[in-house]
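As the structure is a computational prediction, the values presented were derived from the model and not from experiment. When a ligand or atom number is given, it counts from 1 through the structure's own listing order. Hydrogens, waters and symmetry mates play no part in the numbers below; they use all other heavy atoms, side chains included.
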Amino acid sequence: MSDKKPLVTHVYTADPSAHVFNGKLYVYPSHDIPTDIRDNDNGDQYAMEDYHVFSLPEGISGPVNDHGSVLHMKDVPWVGKQMWAPDAAEKNGKYFLYFPARDKDGTSPEGPFTPDPEPIKGSYSIDPACFVDDDGQAYLFFGGIWGGQLQCWTKGHFAKEDYESMEASGDDKPALHARVAKLTDDMHQFAEDVKEVVILDPETKEPVKASDHDRRFFEAAWLHKYNGKYYFSYSTGDTHYLAYGVGDSPYGPFIYGGRILEPVLGWTTHHSIVQYQDKWYLFYHDASLSGGKNHLRCIKAREIKYDEQGKIYLAEPQGP
Ligand code: FUB
């Protein structure tokens, strides 16, 4: 049994999106800050204001370089508050940082990044994750329930009245789905209508039900490719698991495959999966650095492996 040390201790960090650019490992996390705002289901306590970029030139066991604040909310005219979980992508030598409802680009993976004047048309909710396939086509996954307000987007527009219902429930209803859309060649806009990311029960081949909180998507979408298969991983929210499904296309459907990580200290769990050199890593967070404060988290990393069936497991069992 083993638990991991935080990768970063001089600031609070969460929602780590890890990528290898130019052979170097980079992490693009949220930046948690202390606040007096009390915890609620809207996530108001996550009062983040900017993003730092970190590089790990020797992998997860070596030094971690903080490249500083690469984008602050004061530089983005449309942001009122809360710079939630970001992701980054590279295409044709340009680097793009995606954050909830906003897009920006730069010429170095360390930033800085310049915000586009407007959010991506047709985008909504939280937790963007960009996947660039082997053919160069990029896809943006996104969505989150409750504070991420995905439950308000079931009618094709923002329905504020649905916030109070939190989300559909029942064995007769399918769960809410994460969203995905292809990006345009320049990476700035959606190239198509937004689609739903369906997770199927492996036995019935039916979409996971709304009442199935152990397996339904809640937030923290991530896509990676292993051995020709697409792995869609996510947080189950109020049951606090990191889970995944496997499919033959970036659009899915994804057959539920199991859990990657059991609940960590703190309410949220949010991750990324990346290959660096010949190993695969799970980047994730918990609230251990702050002694369990939900909104003051720290990023960590651990090796994952795949068994003969392609199922993901932790190289070292999760510890207390
Ligand atoms: O960091 C704020 C929110 O907490 C993220 O957007 C969610 O995924 C959860 O980790």
Any protein N/O atoms within less than 3.5 Å of an N/O atom in ligand 1? List the atom names and distances, or say none.
| from | atom 1 | to | atom 2 | distance (Å) |
| --- | --- | --- | --- | --- |
| ligand 1 | 1 (O) | D15 | OD2 | 2.5 |
| ligand 1 | 1 (O) | R297 | NH1 | 3.3 |
| ligand 1 | 1 (O) | R297 | NH2 | 2.7 |
| ligand 1 | 4 (O) | R297 | NH1 | 3.2 |
| ligand 1 | 6 (O) | D127 | OD1 | 2.6 |
| ligand 1 | 8 (O) | D127 | OD1 | 3.4 |
| ligand 1 | 8 (O) | D127 | OD2 | 2.7 |
| ligand 1 | 8 (O) | H270 | ND1 | 2.6 |
| ligand 1 | 10 (O) | D15 | OD1 | 2.6 |
| ligand 1 | 10 (O) | R297 | NH1 | 3.3 |

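- A salt bridge does not link D127 with R179: none of the charged nitrogens is closer than 4.0 Å to a carboxylate oxygen.
- A salt bridge is defined here as a Lys NZ or Arg NE, NH1 or NH2 lying under 4.0 Å from an Asp or Glu carboxylate O, and D248 with K229 meets this definition.
- Considering F131, F217, W222 in turn, F217 is the only one that fulfils the side-chain contact (heavy atoms from CB on, under 4.5 Å) rule with F232.
- Under 3.5 Å, the side chains of Y230 and K225 contain a donor-acceptor pair of N or O atoms.
- A salt bridge links R215 with D201; the closest basic N to acidic carboxylate O contact falls under 4.0 Å.
- Contact check on D185 versus K91 returns a salt bridge, with a Lys/Arg side-chain nitrogen under 4.0 Å from an Asp/Glu carboxylate oxygen.
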